[in-house]
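Because only heavy atoms are used, hydrogens play no part in the values below, and waters and symmetry mates are left out as well, while side chains stay in. Labels below follow one simple rule: chain letters A, B, ... track the order of the sequence lines, proteins then strands, and each chain is numbered from 1. Because the structure is a prediction, the values reported are computed rather than measured.
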There are 2 protein chains.
Amino acid sequence: MTIAPADLRGSFSLPPGKALDICHQLEAAILQHRMQPGMKLAEDEVGELFGVSRTVARTALQALAHGGLVTIERNRGAFVSRPTIREAHEVFEARALIEPRIARMAARAMTPDHLKVLQGHVDAEHEVTAQGDMGMALAHSGAFHLSIADIADQAILTQILHTLVSRSSLIIALYWHRRDTGCESHSHHALLKAFSVRDENAAEEIMKSHMVDLHSGLDLRDRSESHRSLADVFAKP
Amino acid sequence: MTIAPADLRGSFSLPPGKALDICHQLEAAILQHRMQPGMKLAEDEVGELFGVSRTVARTALQALAHGGLVTIERNRGAFVSRPTIREAHEVFEARALIEPRIARMAARAMTPDHLKVLQGHVDAEHEVTAQGDMGMALAHSGAFHLSIADIADQAILTQILHTLVSRSSLIIALYWHRRDTGCESHSHHALLKAFSVRDENAAEEIMKSHMVDLHSGLDLRDRSESHRSLADVFAKP
DNA sequence: AATCTCCATTTCGTATACAATCTGTAGGCA
DNA sequence: TGCCTACAGATTGTATACGAAATGGAGATT
């Protein structure tokens, strides 16, 4: 494996260049859970790490902020986002709305070559899971979902889904609770099967229930330890 | 009327500051069709216009680029986006997927105060339409749709819809063909009526057909005059 | 000992300077 | 005349410098 396994390019509205590269590298690191939500991303640090000035680092961080992966606070800097429980629900509700439709369109457009790509993601996910690298497994799982959108050939929905999948990774880092292994692979296999016979209805239905599964695999109870903002804490009910 | 009628804030992931203000002003100008798709937005010009340096202007333009309103080409600069026919279809297909759901959720959450806000947008749209200011009318129409998302109280879908509505404005500038006035107001009134009795099913259905109407009001035939990229023109079939 | 104030440090916000790239035009050459 | 080349202008890409804001700690005060 050479570069990024979660090869999720195409969703940053930046012209090609150093800033875009940094975006991709930071995104991969976040998606693979090599950076925790809440972690500080100082401009100087990022710039030095990638051998560019603060100007370029800043551009990259702002681009990531637009995707929701990073949060920028004025005069305080950039941090890996910490999605709230509320956001977590909304992200998976949005995915539950969008992805079944995407699955249907992908099933319609599916070719043997497309199937091979999807199979590759599932295999890779299995492999790294066997090695215990859950971060990488999650990245491959995300790539699987995004490849489906690619196949559906709807650029705008793909771009939207890209941000949702990225955020999902943060949400899982914070709230994933189900400990049973192979959490998703069954659904992914079932999807592959539906795709292989181009069964649009099955693909849509399987994706829909897959989304419900994912959502219910989170522990989104309102543990008071979660750092709500001061304004939230003192908001009148 | 004081500031922006299309008061569509909240969708730029920038900390408050000058750059964000510039974003809002440029967005309003584009949404009201005071700037045509394809128009150049030079950094110097924008900076001078708003009394800031290129740095800040650049930040604003990049933020707009992430929303799809502006396209940045490396070493060439920023331009008001010119959505392709393909993108136009995709935008309205995405809206057709998302907005009926939003309408349903909004109907569930509707209160008398919310209704007043929506009624205000419709009234404002009528007023400026009567004055012949179609750009402003379009901006109010967009604000109506976004207010519905606000009422549905789904921040993520609202943000997604914001970008879609903005792009719709560009698409309409390029491709709107139906000349009959009152193009949308009937649908908007029907929606208001459904909302006023909190009829979720009706709201969803009306919104769905409203989306079909909008989509079909565009002339998306492949007129060869449209400036396709050279690569597209000479792509082998 | 606890608290307040002030200052030093760090980090970001903004402006400016210089380098790189592209575009258009004028001049030279076949 | 037609075409290629080279230069000049304009615009963006990147780096750096300086100012502003927030943080953290040392010292003074009660």
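- Scanning all heavy atoms of the two residues, the minimum distance from A:F12 to A:L20 falls at CB-CD1, 3.6 Å.
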Heteroatom pairs (N/O) under 3.5 angstrom, protein to nucleotides 15-19 of chain C:
{"from": "C:dA15", "atom 1": "OP2", "to": "B:S53", "atom 2": "N", "distance (Å)": "2.8"}
{"from": "C:dA15", "atom 1": "OP2", "to": "B:S53", "atom 2": "OG", "distance (Å)": "2.7"}
{"from": "C:dA15", "atom 1": "N7", "to": "B:T55", "atom 2": "OG1", "distance (Å)": "2.8"}

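- There is a side-chain donor-acceptor pair under 3.5 Å between A:D123 and A:Q119.
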Query raised in the report: Passes side chain to side chain contact (heavy atoms under 4.5 Å, CB included), B:I151 versus B:M110? Steps please.
Result: CA-CA 7 Å; B:I151 292 164; B:M110 194 64 58; 4.0 Å; yes
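- C:dT14 atom C1' lies 12 Å from atom CD1 of B:I22, rounded to whole Å.
- Whole-Å rounding puts the A:L20 CG to D:dT14 C1' distance at 16 Å.
- Between atom CG of residue A:L157 and atom CD of residue A:E99 there is a gap of 10.5 Å, rounded to the nearest 0.5 Å.
- Considering only the side chain of B:D44, D:dT12 comes nearest among C:dC12, C:dT14, D:dT12.
- Taking atom CD of residue A:Q62 and atom P of nucleotide C:dG13, one finds them 8 Å apart after rounding to whole Å.
- In this entry the distance linking CD of A:E48 with P of C:dC12 reads 13 Å, nearest Å.
- Between the CG atom of A:L49 and the CD1 atom of A:I22 there is a distance of 8.5 Å, given to the nearest 0.5 Å.
- Note: B:H140 and B:H188 fail the aromatic proximity criterion, with ring centroids not under 6.0 Å apart.
- Rounded to an integer number of Å, the gap from CD of B:E43 to P of D:dG13 is 6 Å.
- For the pair A:N75 and B:N75, nearest-nucleotide mapping onto DNA chain D gives the more 5' position to B:N75.
- Using a 4.0 Å cut-off between charged nitrogen and carboxylate oxygen, B:K116 and B:D113 count as a salt-bridge pair.
- Atom pair A:R74:CZ and C:dG13:P shows a separation of 6 Å (rounding to whole Å applied).
- Each of D:dT11, C:dC12, C:dT14 was ranked by its minimum atom distance to the side chain of A:A42; first place goes to C:dC12.
- Distance B:F50 CZ to C:dT14 C1': 17 Å, rounded to the nearest Å.
- Between the CZ atom of B:R58 and the P atom of D:dT14 there is a distance of 7 Å, given to the nearest Å.
- Side-chain nitrogen and oxygen atoms of A:R76 include at least one within less than 4.0 Å of the OP1 or OP2 phosphate oxygen of D:dT23.
- Side-chain nitrogen and oxygen atoms of B:K40 include none within less than 4.0 Å of the OP1 or OP2 phosphate oxygen of C:dT23.
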